[in-house]
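Chain naming here is simple, since letters A, B, ... match the order of the sequence lines and numbering starts at 1 in each. As the structure is a computational prediction, the values presented were derived from the model and not from experiment.
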Amino acid sequence: MPTPRLSPGEFQKRLLAWFDQHGRHDLPWQSPRTPYRVWVSEIMLQQTQVATVIDYFNRFMARFPTLDALARAPQDEVLHLWTGLGYYARARNLHKAAQVALAEHGGELPVESEEALIALPGIGRSTAGAIIAQSTGKRAVILDGNVKRSLTRLHAVPGWPGRPAVERKLWSLADYYTPAKRLADYTQAMMDFGATLCKRGQPACVACPFSDVCLAFAHGEVQHYPESKPKKALPTRQTFMLLLQDAKGRVWLEQRPPSGLWGGLWSLPQFDTQQALDDWVAMHTVAPQHEPARPVFTHTFSHFRLEISPQPVVCTTLTGVRENGVWYDLNDPPELGLAAPVKRLLTQAHAEARTFDLENAPGHA
DNA sequence: AAAGCGGGGGG
DNA sequence: CCCCCAGCTTT
């Protein structure tokens with residue numbers, strides 16, 4: 001346990017005073033505050049902000065007013081009501097958990113047992129704590145992203161909260177400050193405090209009831225907490241892109257498979273090696289002429305770097321009909337979705353073609 | 001364009 | 001213990 005900044009009693013007193021004045025007291029799941037309604041709200045609130053959740057929650061409750069109704073509904077309907085919220089595994093887990101509760105817990109959420117709650121799909125330690133505290137008022141601890149942020153600042157806890165050692169420390173702090181009474185209010189207060197005052201971007205430290213004891217604030221380093229996830233070096237992959245142009249200067253594009261990287265977008269034919277590209281050209285084109293390779297350039301994705309080697313080739317036509325492709329006219333471009341680096345290459349090719357035309361135009365010096 | 005987000009799952 | 005993933009929002 002790091003040095004306490006405040007006694008639990010003093011912390012709770014200040015937090016609840018702030019909550020009474022500035023917290024959220026009229027959220028749809030706060031009345032009536034049943035285990036089922038609190039549960040659904042907590043699942044929706046994972047990775048999603050309150051303002052977004054409210055409408056989804058109300059629609060969901062109108063269609064599935066009880067755990068029983070949810071358990072007996074077809075999964076398609078559950079997913080339909082989740083459309084737009086994202087992270088659809090949450091909806092599948094929620095649905096599955098409702099069926100488990102119906103079969104194994106008499107149609108009720110097992111809110112008397114944190115362990116039983118955590119055993120349900122989609123409910124981890126923090127969500128279980130939130131459900132218990134909010135729906136039963138019994139003592140339970142939460143540690144969501146808001147609470148993590150507030151506590152790392154208050155105690156200037158170093159390290160990325162995703163690391164187990166840091167997370168253990170934060171759980172112990174969260175437990176230390178948690179009261180035995182007014183659990184629903186306290187839990188909501190912790191979440192509201194992080195969401196509306198101790199925000200990630202511009203925390204309102206001037207209005208904060210803990211600014212006199214906050215270590216990060218004292219050091220003028222509020223924005224340094226919590227530390228961010230260490231970013232790892234991105235792996236690099238290579239690809240060879242065939243920039244195939246016909247006699248009219250049109251470029252051959254092929255549509256990507258519907259899912260995965262650049263799913264459904266149009267791209268130049270791609271190959272893992274120069275040899276594979278050459279083989280394809282030899283096999284599928286008529287009178288190909290390789291031009292000097294263009295400079296290699298890099299496109300960065302969230303999880304890897306792609307080194308692209310563009311190989312221009314001019315041919316008279318393709319052999320055989322290729323159904324997943326089009327000849328893309330640079331001067332009259334069809335409205336296709338293009339992968340970003342492909343768009344860049346096509347723009348270059350177009351600019352060069354125009355330069356060529358100008359230089360060779362009649363009357364040009 | 002990048003970071004953040006709770007839980008699940010695999011190595 | 002580590003890493004990755006899902007999808008949308010905020011920065």
Report the distance from atom OH of Tyr87(A) to atom P of dG7(C), rounded to the nearest whole Å. 8 Å
Rounding to a whole Å, what distance do you find between Tyr88(A):OH and dG8(B):C1'? 18 Å
In whole Å, I'd like the distance from the NZ atom of Lys199(A) to the P atom of dT10(C). 11 Å
So Gly201(A), base contact, sugar-phosphate only, or nothing? Heavy-atom distance under 4.0 Å. nothing
Which residues within residues 40-50 of chain A lie with some heavy atom under 4.0 Å of an atom in DNA chain B? Gln46(A), Gln47(A)
With a 3.5 Å limit on both atom pairs, tell me what dG6(B) is paired to, counting Watson-Crick and G-U wobble, or say none. none
May I ask you to decide whether Glu352(A) forms a salt bridge with Arg294(A), counting only side-chain N to carboxylate O separations under 4.0 Å? yes
Sorted by position of nearest nucleotide on DNA chain C, 5' first, the leading residue of Thr52(A) and Pro164(A) is Pro164(A)
Counting just side-chain N and O atoms, does Arg92(A) come under 4.0 Å of either OP1 or OP2 of dG8(B)? no
Here the distance between atom C1' of dG6(B) and atom CD of Glu167(A), to the nearest Å, is 9 Å
Whole angstroms only, please: what is the NZ-P distance between Lys96(A) and dG8(B)? 12 Å
Name each donor-acceptor pair under 3.5 Å that joins a side chain in residues 189-206 of chain A to protein atoms two or more places apart or in another chain, with its distance.
| unit_1 | atom_1 | unit_2 | atom_2 | d |
| --- | --- | --- | --- | --- |
| Asp192(A) | OD1 | Arg24(A) | NH1 | 3.1 |
| Asp192(A) | OD1 | Gln188(A) | NE2 | 2.9 |
| Asp192(A) | OD2 | Arg24(A) | N | 2.7 |
| Thr196(A) | OG1 | Asp192(A) | O | 2.8 |

Under a 4.0 Å N-O cut-off, is there an ion pair linking Asp175(A) with Arg139(A)? yes
Gap between atoms CG and P, on Asn146(A) and dG4(B) respectively (whole Å): 14 Å
Verify, without hydrogens or angle tests, whether His155(A) (side chain) and Leu151(A) (backbone) share a donor-acceptor contact under 3.5 angstrom. no
Are the aromatic ring centres of Phe19(A) and Tyr186(A) under 6.0 angstrom apart? no
Looking at Phe210(A), I'd like to know if the NZ or CZ of Arg5(A) sits under 6.0 Å from its six-membered ring centre while staying within 45 degrees of the ring's axis. no
Taking CH2 from Trp82(A) and P from dA6(C), how many angstroms apart are they, rounded to a whole number? 18 Å
